2 protein chains.
Amino acid sequence: MRPLIHPSIEDITVEGILHALSDPVRAAIYAELAGSDYGHTCSNFLQISDRAIPKSTLSQHFRVLREAGLIRSERQGVEMNNTSRCAEIEQRFPSLIAAVMNAHRVQFADRARAAKRKQSARKTTAG
Amino acid sequence: MRPLIHPSIEDITVEGILHALSDPVRAAIYAELAGSDYGHTCSNFLQISDRAIPKSTLSQHFRVLREAGLIRSERQGVEMNNTSRCAEIEQRFPSLIAAVMNAHRVQFADRARAAKRKQSARKTTAG
DNA sequence: TCCATAGTTCATATGTTGCGAACTATTGAA
DNA sequence: TTCAATAGTTCGCAACATATGAACTATGGA
């Protein structure tokens, strides 16, 4: 098993960060990690908003996040402890992460609102 | 020639924006468009920082930016007039674009600094 | 030593990207 | 009108990337 790669802060690239966060599954994982003050294991995410993620896929997603410099993964016994590196990134790329996470929240809220509207429209048409 | 696709503001996704801007060529194009108050043609970018971009590739890049909702392309005679949609995006995803563009600037500055350091190190070793 | 659990890696099928060649659209000149 | 020039787009294919089941590795406990 090859050692895990964690780029040093100056080797982190914008391209890498944006690419990593341009996938909704990875964005969801990262949002959870960045939003909590303790670590998460990989298998905490085998289920993401009603969608099952195969563990090999999950492992790849964590690798992308890790190698983009967004998270740090440390083995802790049989499992992994994954934490966000947001403080470091904030230092190098101020307000980038916050803006991206906020945008994801906006989009999530808009979608929920659209879905609700659609649902009530169905109800009125049916009734 | 199929008509150009411009998503309406509510159909613009964060994934799409991040993916579009995760490519350095596209980020450079977008930065130029967003930073000027007049439009640019595609062929203005056949050369980007000493690198030649084939026009078919350039056309694809513009398509990605356009379909992500980042730019608007309008035919003007024989050429295209490309303008950024940053005002609209700012409204939906506040400070996202600014943070991404700033991060790219930071990275560009850091790289230039690193290259300069390396160059002067070569000089002292040689002398 | 054996098993269970958590993740990683491999193989491969499927999807995406880059780019030369061929094409389309528009303008202007003959 | 026809022809050529210019600006972009589309096609086709090779190279690269991604998703996932199957096989594997690492760790801890019985």
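Just so it is clear, the structure is predicted and the values come from calculations on it, not from any experiment.
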Exercise for review: Taking side-chain hydrogen bond (donor to acceptor under 3.5 Å, both in side chains) as the test, write out the residues that go with E15(B), two or more places apart.
Suggested key: Q107(A)
Point to revise | Inter- and intrachain pairs under salt bridge (charged side-chain N to carboxylate O under 4.0 Å, His left out), touching residues 29-46 of chain A, at least two apart | key: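 Residue pairs passing salt bridge (charged side-chain N to carboxylate O under 4.0 Å, His left out), neighbours aside: none found.
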Practice item. Kindly state each residue pair satisfying salt bridge (charged side-chain N to carboxylate O under 4.0 Å, His left out) with at least one member in residues 87-102 of chain A, sequence neighbours excluded. Key: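 Listed once each, the pairs are R72(A)-E88(A), R85(A)-E88(A), R92(A)-D110(B).
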Pull out every residue in [range] that has a heavy atom closer than 4.0 Å to any atom of DNA chain C, ordered by number, or say none.
range: residues 16-24 of chain A; value: none
range: residues 72-83 of chain B; value: R75(B), G77(B), V78(B)
range: residues 31-46 of chain B; value: none

Review point. Taking only residues two or more places apart in sequence, or in another chain, which ones meet A99(B) in a side chain to side chain contact (heavy atoms under 4.5 Å, CB included)?
Key: S95(A), L96(A), A99(A)
Point to revise | Residues which pass side chain to side chain contact (heavy atoms under 4.5 Å, CB included) with L46(B), listed by chain and number, not counting sequence neighbours | key: S43(B), K55(B), L58(B)
Are [X] and [Y] side-chain neighbours, meaning at least one heavy-atom pair lies under 4.5 Å?
X: N102(A); Y: P94(B); answer: yes
X: T41(B); Y: M80(B); answer: no
X: V100(A); Y: Y30(A); answer: no

Check your understanding: For R26(B) and M1(B), take the nucleotide of DNA chain C holding the closest heavy atom to each; which residue's nucleotide lies nearer the 5' end?
Key ->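 Between the two, 5'-proximity favours R26(B).
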Practice item. Grab the CZ-C1' distance between R2(A) and dT25(D) for me, whole Å please. Key: 12 Å
So which heavy atom on [X] is nearest to which on [Y], and how close?
X: A20(B); Y: L65(B); result: CB-CD2, 4.2 Å
X: A27(B); Y: M101(B); result: O-CE, 4.4 Å
X: H104(A); Y: V14(B); result: NE2-CG1, 3.7 Å
X: P7(B); Y: I12(B); result: CG-CG1, 4.1 Å
X: G16(A); Y: A68(A); result: O-CB, 3.6 Å

Exercise for review: Output the distance between atom OG1 (T57(B)) and atom CZ (F62(B)), rounded to the nearest 0.5 Å.
Suggested key: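 Answer rounded to 0.5 Å: 12.5 Å.
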Review point. Would F45(B) and I53(B) satisfy side-chain contact (heavy atoms from CB on, under 4.5 Å), going step by step from the backbone distance to the final call?
Key: CA-CA 8 Å; F45(B) 300 95; I53(B) 317 285; over 6 Å; no
Review point. Within the distance-only criterion (no hydrogens, no angle test), does the side chain of N82(B) pair as donor or acceptor with the backbone N or O of H40(B) below 3.5 angstrom?
Key: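 Here the side-chain-to-backbone pair exists.
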Exercise for review: Walk along DNA chain C from 5' to 3' and tell me the first and last nucleotide with an atom closer than 4.0 Å to a non-hydrogen atom of chain B.
Suggested key: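 Taking any atom under 4.0 Å from a heavy atom of chain B, the span is dT17(C) to dT27(C).
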Review point. Using Watson-Crick and G-U wobble pairs whose two distances are both under 3.5 Å, how do you write the pairing of DNA chain D as dot-bracket, with | for links to another strand?
Key: ||||||||||||||||||||||||||||||
Practice item. Not counting sequence neighbours, list each pair that qualifies as a side-chain hydrogen bond (donor to acceptor under 3.5 Å, both in side chains) and has a residue in residues 60-69 of chain B. Key: R26(B)-H61(B), Q60(B)-R63(B), R66(B)-S73(B)
Review point. For R63(A), which contact category applies under a 4.0 Å heavy-atom criterion: base, sugar-phosphate, or nothing?
Key: nothing
Check your understanding: Are there more than 12 heavy atoms of other residues, nucleotides or ligands under 6.0 Å from atom CD of Q91(B)?
Key -> no
Kindly give the atom pairs (protein nitrogen or oxygen, nucleotide nitrogen or oxygen) under 3.5 Å for nucleotides 20-23 of chain D.
from	atom 1	to	atom 2	distance (Å)
dT20(D)	OP2	T57(A)	OG1	3.0
dG21(D)	N7	S56(A)	OG	3.0
dG21(D)	O6	S56(A)	OG	3.3

